[in-house]
Chemist: 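Attaching a single structure in C-alpha cells format; questions to follow.
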Amino acid sequence: MRVFVTGGTGHSGSYIIPELVTAGHEVTGLARSDAAAAALSALGAKVRRGDLQDLDGLKEAAADSDGVIHVAHRQDLLPSGGIDAVAAAELPVMLAYGEALAGTGKPLVAAGSIGSPGTGLDLGRPATEEDPALPVGDEHKGTLRARNVVETAVIGLAERGVRSSIVRIANIAHDTTDRAGFLPTLIALAKEKGFAGYPGDGTNLWNAVHARDLASLFRLALEKGPAGNYWHAVEDGGIAFREIAEAIGSRLNLPVVSVPLDELMLPGYFGFLANVVNQSYPTSNLVTRRTLGWAPAQPSLLADLDNGHYFPSADVPAI
C-alpha cells in the first residue's frame, strides 16, 4: 500500500513508519522543515513538504495514497489555546481527509485517547472498544475530553465510505526513546520533589503500551481494520499507580509517598497532571486482539522501568 503518514517524526510516528516499511508498504511522510524531511528519509519514507494548515495539500496527499495514518497535532497551539485550540485545528484536517477518501473504502487510522470513553468511575467497569467517545459540551472546555470531537468525526466518516478507525493510545507509551511522555515527567517530578508520589491510596489503574506494539497496531488497523471501529492500544487491563511510583522510587533510591487527594496538595506535587493522575482507566483490549490479531510482544511497563534506560546512572540521586 501507498501510505500517507502525518506525525512521522514524533514519538509514535518514528516507530510506525519503520513498521510499515518493513511490512512492504510505501510510506510518504509530511514534513514542515528540512530537519523533519531528513528524519523521514532516514526512517525509509518519501517526503511531502507541507503542514497541517494546508488542507488542500492534505486532501491531495490522501487522494494520492491507498490509506492514511494520522498521529500529528498542533502542539504549537497548546501554550496559547490549550487542548480546545488543538482539537479545533485538527477537526478540519479530518474532514479534509473525509472529502478526499469518501466512497473509496480506503483506510484512515487516527490517534485517539484511552480516556475518550470515560474512566472506570464513569463506566463502572473496564472500557471496551464498543464504548464510543463521550460527547463534548461547553463544560468540557480546557479538558482532554475536548478532543473527543475529533475521534467522533473520524468514526463518522465510516458512513461516507471511508474505512476509518481510531487507535486509543494508553496513558503511557514507553520505549528506549521516550523523552517527553508521561513516564519521564513522573520521573522528573520524583527527582524534583525528593520522593516518588502517588495519588491517595494509589490503587487507581493506569495503562501502558510499548511504542513498538503501538506501531504494529496502527499497521494492523490500516491493513485490515473494519470501518467505524475503536482499537485499544493497551498492554493489559491496568497497573496500579502505586506500583508505577514504587518502581520509580526504587530506581531513584527515593521514598515512595502518598499524596493526599486534596485540591492544593495534589497539584502541589503533580502540577498540570493533577486532574489526570487521580483517575482510573481500567481497559479491555479483547476486541482488538480478536479482530486484528494484535499480540503485544515487547517488554511491559514495569519491565521497561527495570531495564534502566529511563534512569541514566548520572541522574540517580545519591542515597
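In this text the structure is predicted, and so the values were computed from the model without any measurement.
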Chemist: Could you tell me if the ring centre of Trp206 sits under 6.0 Å from that of Phe182?
Modeler: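 Ring centroids of Trp206 and Phe182 are less than 6.0 Å from each other.
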Chemist: Quick test of your reading of the model: are Asp84 and Arg145 salt-bridged, counting only N-O distances below 4.0 Å?
Modeler: no
Chemist: Can a side-chain donor-acceptor contact be found between Ser284 and Glu129 if the only test is distance below 3.5 angstrom?
Modeler: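 Ser284 and Glu129 do not have a side-chain donor-acceptor pair below 3.5 Å.
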Chemist: Hey, are Asp122 and Thr119 close enough side-chain-wise for a donor-acceptor pair under 3.5 Å?
Modeler: yes
Chemist: For residues 27-74, pull every pair meeting ring pair (Phe, Tyr, Trp, His ring centres under 6.0 Å), keeping only residues two or more places apart or in separate chains.
Modeler: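 Output for this query lists His70-Tyr97.
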Chemist: Hydrophobic cluster mates of Leu264, side-chain heavy atoms under 4.5 angstrom, ILVMFWY only, any path?
Modeler: none
Chemist: Ignoring hydrogens and geometry beyond distance, is a side-chain donor-acceptor pair present between Asp175 and Tyr15 at under 3.5 Å?
Modeler: yes
Chemist: So, the side chain of Ser41 versus the backbone of Ala39: is there a donor-acceptor pair under 3.5 Å, distance only?
Modeler: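 Answer holds: no.
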Chemist: Salt-bridge test for Asp51 and Arg74: reply yes if a basic N is under 4.0 Å from a carboxylate O, no otherwise.
Modeler: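 Not counted as a salt bridge, because no side-chain N and carboxylate O are separated by less than 4.0 Å.
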Chemist: Strictly by modelled atom types, are Asn229 and Ser165 linked by a side-chain donor-acceptor pair under 3.5 Å?
Modeler: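 No donor-acceptor contact under 3.5 Å links the two side chains.
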Chemist: List the atom pairs, donor and acceptor, that lie under 3.5 Å between side-chain atoms in residues 108-116 and the rest of the protein, sequence neighbours left out.
Modeler:
unit_1 : atom_1 : unit_2 : atom_2 : d
Ser113 : OG     : Gly115 : N      : 3.1
Ser116 : OG     : Ser113 : O      : 3.2
Ser116 : OG     : Glu151 : OE1    : 2.9
Ser116 : OG     : Arg168 : NE     : 3.0

Chemist: Can you tell me if Glu223 and His25 form a side-chain donor-acceptor pair at under 3.5 Å?
Modeler: yes
Chemist: Testing the 3.5 Å rule here: is there a donor-acceptor pair between the side chains of Tyr310 and Asp304?
Modeler: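 On atom types as modelled, these side chains do not qualify, holding no pair under 3.5 Å.
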Chemist: Under the 3.5 angstrom rule, does the side chain of Tyr269 hit a backbone N or O of Gly197 as a donor-acceptor pair?
Modeler: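 The answer is yes, because a donor-acceptor pair under 3.5 Å joins these two groups.
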Chemist: Within a strict 4.5 Å, meaning less than it, do heavy atoms of the Val150 and Val93 side chains meet?
Modeler: no
